[in-house]
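See below for the structure under consideration.
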Amino acid sequence: MSRSPVWKTIALSLTEDIAEGRYGAGDQLPTEAQLAATHGVNRHTVRRALADLADQGLVHARRGAGVFVTARPTDYAIGKRVRFHKNIAAGGRIPGKRILTLLTRAADATEAEALRLPAGARVHVYDGLSLADGQPIAVFQSVFPADRFPGLPEALTETRSVTAALQRMGVADFTRVWTRLTARPATATQALHLRLNEGAPLLHTTGVNVDPEGRPVEYGRTWFAGDRVTLTVGAD
């Protein structure tokens, strides 16, 4: 009777570990060196087993971080009211945001047009990282008219929430007037923040939010990790 290849035996063992809940969605597997020592094989054999699990969609590698059990994609609604914390919490996950940069500068032509500002007007630019259960799912950039919201950077620093920060600025509600969706490969910087390989597929959204009077309050761009988010377009 022929014996199964050793790598396949290791792959089956890890599959059982995942199925039995020993490693949950988002958990990191032991390193190649640890698995090689456990099974008494070389790292090439372990690498073949992990590649098989990746082909099945059970795990994914993050450059420089290790191999992780693939998490269920997060449902994210793109509609009239796009609220990050509400969207993530609705999926049973814990939302989080990390500020990467927060600065004030002159608007470029695209930003000025989207926000209906004169050329060269000052804008606040908020670059950040969106998290679900501590896992990075998107990098984003939000741009706001600086003259209208002079205290917005401080509010964003304190709240980490665009909704809460705009409420402090007197904007009780805002809605999305348009959204564009395209596919983009991850740049080196985006891949680093999202723990992906450079060139991995990203879902890129661009949109404008307006206040109840129809005045633009935010021009936003977001790059979602393609394998971690399912976008639902047209939701309320």
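In this text the structure is predicted, and so the values were computed from the model without any measurement.
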Hey, what do you get for [atom1] ([X]) to [atom2] ([Y]), rounding to the nearest 0.5 Å?
X: Tyr23; Y: Thr15; atom1: OH; atom2: OG1; result: 12.5 Å
X: Met169; Y: Arg148; atom1: CE; atom2: CZ; result: 11.0 Å
X: Asn87; Y: Arg83; atom1: CG; atom2: CZ; result: 9.5 Å
X: Leu181; Y: Phe224; atom1: CG; atom2: CZ; result: 9.0 Å
X: Arg43; Y: Gln34; atom1: CZ; atom2: CD; result: 10.0 Å
X: His39; Y: Leu14; atom1: NE2; atom2: CG; result: 5.5 Å

Using atom types as modelled and distance alone, determine if a side-chain donor or acceptor of [X] lies under 3.5 Å from a backbone N or O of [Y].
X: Glu32; Y: Leu50; answer: no
X: His124; Y: Phe149; answer: yes
X: Arg116; Y: Glu113; answer: no
X: Thr157; Y: Pro153; answer: yes

Single-linkage hydrophobic cluster [X]~[Y], side-chain heavy atoms < 4.5 angstrom:
X: Leu117; Y: Val125; value: yes
X: Tyr219; Y: Val217; value: no
X: Ile137; Y: Ile78; value: yes
X: Phe174; Y: Leu156; value: yes
X: Leu115; Y: Val177; value: yes

Is there a side-chain contact between [X] and [Y] (heavy atoms, below 4.5 Å)?
X: Leu202; Y: Leu194; answer: yes
X: Ile10; Y: Leu35; answer: no
X: Tyr76; Y: Phe84; answer: yes
X: Ile18; Y: Val59; answer: yes

Report summary line: Those residues at least two apart in sequence (or on a different chain) that pass salt bridge (Lys or Arg N to Asp or Glu O under 4.0 Å) with Arg215 are none

What heavy-atom pair brings [X] and [Y] nearest, and what distance separates the two atoms?
X: Arg122; Y: Ala106; result: NH1-N, 3.4 Å
X: Arg22; Y: Glu16; result: NH1-O, 3.7 Å
X: Arg98; Y: Arg160; result: CA-NH1, 4.5 Å
X: Arg105; Y: Leu103; result: CG-CD1, 3.7 Å
X: Ala107; Y: Ala112; result: CB-N, 4.1 Å
X: Arg176; Y: Gly207; result: NH1-CA, 3.9 Å

Query raised in the report: Stepwise, does the side chain to side chain contact (heavy atoms under 4.5 Å, CB included) test hold for Ile94 with Ile88?
Result: CA-CA 7 Å; Ile94 300 173; Ile88 300 303; over 6 Å; no

Query raised in the report: When you look at Thr187 and Trp223, which way does the side chain to side chain contact (heavy atoms under 4.5 Å, CB included) test go after all the steps?
Result: CA-CA 10 Å; Thr187 65; Trp223 295 263; over 6 Å; no

**Report entry** side chain to side chain contact (heavy atoms under 4.5 Å, CB included) between Gln190 and Arg184, worked out
**Finding:** CA-CA 11 Å; Gln190 291 168 340; Arg184 300 280 180 85; over 6 Å; no

Query raised in the report: Taking the six-membered ring of Trp178, is the NZ or CZ of Arg180 close enough (under 6.0 Å from the centre) and on axis enough (within 45°)?
Result: yes

Query - Set of residues satisfying ring pair (Phe, Tyr, Trp, His ring centres under 6.0 Å) with respect to Phe140, sequence neighbours excluded - result: Tyr126

Query raised in the report: Looking at Thr206, Asp127, Thr101, Thr222, which one forms a side-chain hydrogen bond (donor to acceptor under 3.5 Å, both in side chains) with Gln141?
Result: Asp127

